[in-house]
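Worksheet for the structure shown next.
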Amino acid sequence: MSGAARNALRAGTVLVVFAVVGTAMLAFTHGRTEPVIARSRQAEQLAFIEQVLPSRLYDNDLLASERRVPRDAMLGTRRPSAVWVARRGDAFAGVVLEAVAPDGYSGDIGLLVGIDAAGTVTGVRVTGHRETPGLGDYIDRAKSPWIEQFTGKSLDNPPPRAWRVAKDGGTFDTRAGATITPRAVVKAVRGALEYFARHRKTLAAPVTREEKDA
């Protein structure tokens, strides 16, 4: 073997060793940090869910109760979405629904809607939006308490004709010059309540093992 060939072989061997060691280190780091990241993500998710469904209402593992439901116009969804089923003992206590207001001023507005077993809203939070900062983003709880108006509401409270923003003759306040965004959210929350009423029996059933494994 010539000197050049030996040098090439040596360089190649070194590169292979570095690649193997680097891959092993990445795998080790990923294996050590992945569970921590997953737990942190779950804790953040649960904390957000608890903003719309108070933990005093249930005693089950809410994250483990997640089930997927098909896309549905009443939820404003265009793909399967998540539902978390709350139980207290053996009794159905409520749900947290993912919903979308598709007709926001700047597009989709993602929502979490908590509804108790009686069909009353326990809380609503915006999970994502692209509304105009300073104008339409007051639907975000971090910017304004506006979203709290929905807590305690149900399909009949206020009456159906009053499930509108005040500018349209309804119950829900809006900020001057920014009606499209709250109008979309009001419609979406009402849609989530209608979905819950129509699918209550299915939603209240315990989550099956097949659903957990899906």
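Values in this document were obtained by computation on a predicted structure and should not be read as measured data. Because only heavy atoms are used, hydrogens play no part in the values below, and waters and symmetry mates are left out as well, while side chains stay in. Just so you know, residue 1 is the first one in the sequence shown, and it goes up from there.
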I'd like to know if Asp108 and Arg130 make a salt bridge, using a cut-off of under 4.0 Å between side-chain N and carboxylate O. no

Measuring from Leu203:CG to Arg67:CZ, what's the distance to the nearest 0.5 Å? 6.5 Å

If you count heavy atoms of other groups shown closer than 6.0 angstrom to CZ of Phe92, is the number above 12? yes

State yes or no: do Phe48 and Tyr58 share one hydrophobic cluster built from I, L, V, M, F, W and Y residues joined by side-chain heavy-atom distances below 4.5 Å, directly or via other members? yes

Could you tell me if the side chain of Val126 sits less than 4.5 Å from the side chain of Ile109, heavy atoms only? yes

Measuring from Arg78:CZ to Arg71:CZ, what's the distance to the nearest 0.5 Å? 10.0 Å

What about Val185 and Val100, same hydrophobic cluster or not, with Ile/Leu/Val/Met/Phe/Trp/Tyr joined at side-chain heavy-atom distances under 4.5 Å? no

Same cluster for Leu63 and Val52 if Ile/Leu/Val/Met/Phe/Trp/Tyr side chains link at under 4.5 Å? yes

Any side-chain heavy-atom pair from Pro133 and Lys143 closer than 4.5 angstrom? no

Can we say Arg79 and Glu98 salt-bridge, meaning some charged N sits less than 4.0 Å from an Asp/Glu carboxylate O? no

Write down the atom of Ala184, the atom of Ala101, and the distance for their closest heavy-atom approach. O-CB, 3.5 Å

Output for pair (Ile115 CD1, Phe196 CZ), nearest 0.5 Å, gives 6.0 Å

Would Glu194 and Arg190 pass as an ion pair if we require N to O under 4.0 Å? yes

Please report the closest heavy-atom contact between Glu66 and Ala82, naming both atoms and the distance. OE2-CB, 3.6 Å

Verdict with reasoning, Leu112 to Trp84, per side-chain contact (heavy atoms from CB on, under 4.5 Å): CA-CA 10 Å; Leu112 278 184; Trp84 293 271; 3.8 Å; yes

Is there side-chain contact between Val124 and Val121, with at least one heavy-atom pair below 4.5 Å? yes

For Leu97 and Leu75: C-alpha separation, side-chain torsions, deciding distance, then whether side-chain contact (heavy atoms from CB on, under 4.5 Å) applies. CA-CA 8 Å; Leu97 297 168; Leu75 292 175; 4.2 Å; yes

To the nearest 0.5 Å, tell me how far Ile180 CD1 sits from Thr132 OG1. 9.5 Å

Distance-minimising heavy-atom pair for Ala205 and Arg87: C-NH1, 4.1 Å

So Phe150 and Trp146, would you call those rings parallel, tilted or perpendicular, with 30° and 60° as cut-offs? perpendicular

Spacing of Tyr195 atom OH and Asp72 atom CG [to the nearest 0.5 Å]: 5.5 Å

Would a 4.5 Å heavy-atom cut-off, applied to side chains only, mark Thr122 and Leu57 as touching? yes

Please check if Ile139 and Tyr105 belong to a single hydrophobic cluster, counting links between Ile, Leu, Val, Met, Phe, Trp and Tyr side chain heavy atoms closer than 4.5 Å. no

Would you say the side-chain atoms of Asp140 pair up with the backbone N or O of Asp137, donor to acceptor, closer than 3.5 Å? no

Main-chain N/O of Ser106 paired with Glu131 side-chain donor or acceptor, under 3.5 Å: yes

Any side-chain heavy atom of Tyr138 sitting closer than 4.5 Å to one from Pro182? yes

Short question: side chain of Asp116, backbone of Ala93 - any donor-acceptor pair under 3.5 Å? no

Inspect the surroundings of CZ in Arg88 and state if more than 12 heavy atoms from other residues, nucleotides or ligands are less than 6.0 Å away. yes

State, with a plain yes or no, whether a side-chain heavy atom of Pro160 is found less than 4.5 Å away from one of Leu155. no

Straight-line distance of Leu62 CG to Leu53 CG, nearest 0.5 Å: 6.5 Å

Between the side chain of Asp156 and the main-chain N/O of Pro159, is any donor-acceptor distance below 3.5 Å? no

Tell me if a side-chain donor or acceptor on Ser154 pairs with a main-chain N or O of Thr120 at a distance below 3.5 Å. no

Do the side chains of Arg125 and Glu148 get nearer than 4.5 Å, heavy atoms only? yes

Residues pairing under side-chain hydrogen bond (donor to acceptor under 3.5 Å, both in side chains) where one sits in residues 157-175, two or more places apart or in two chains, turn out to be Asp168-Arg183

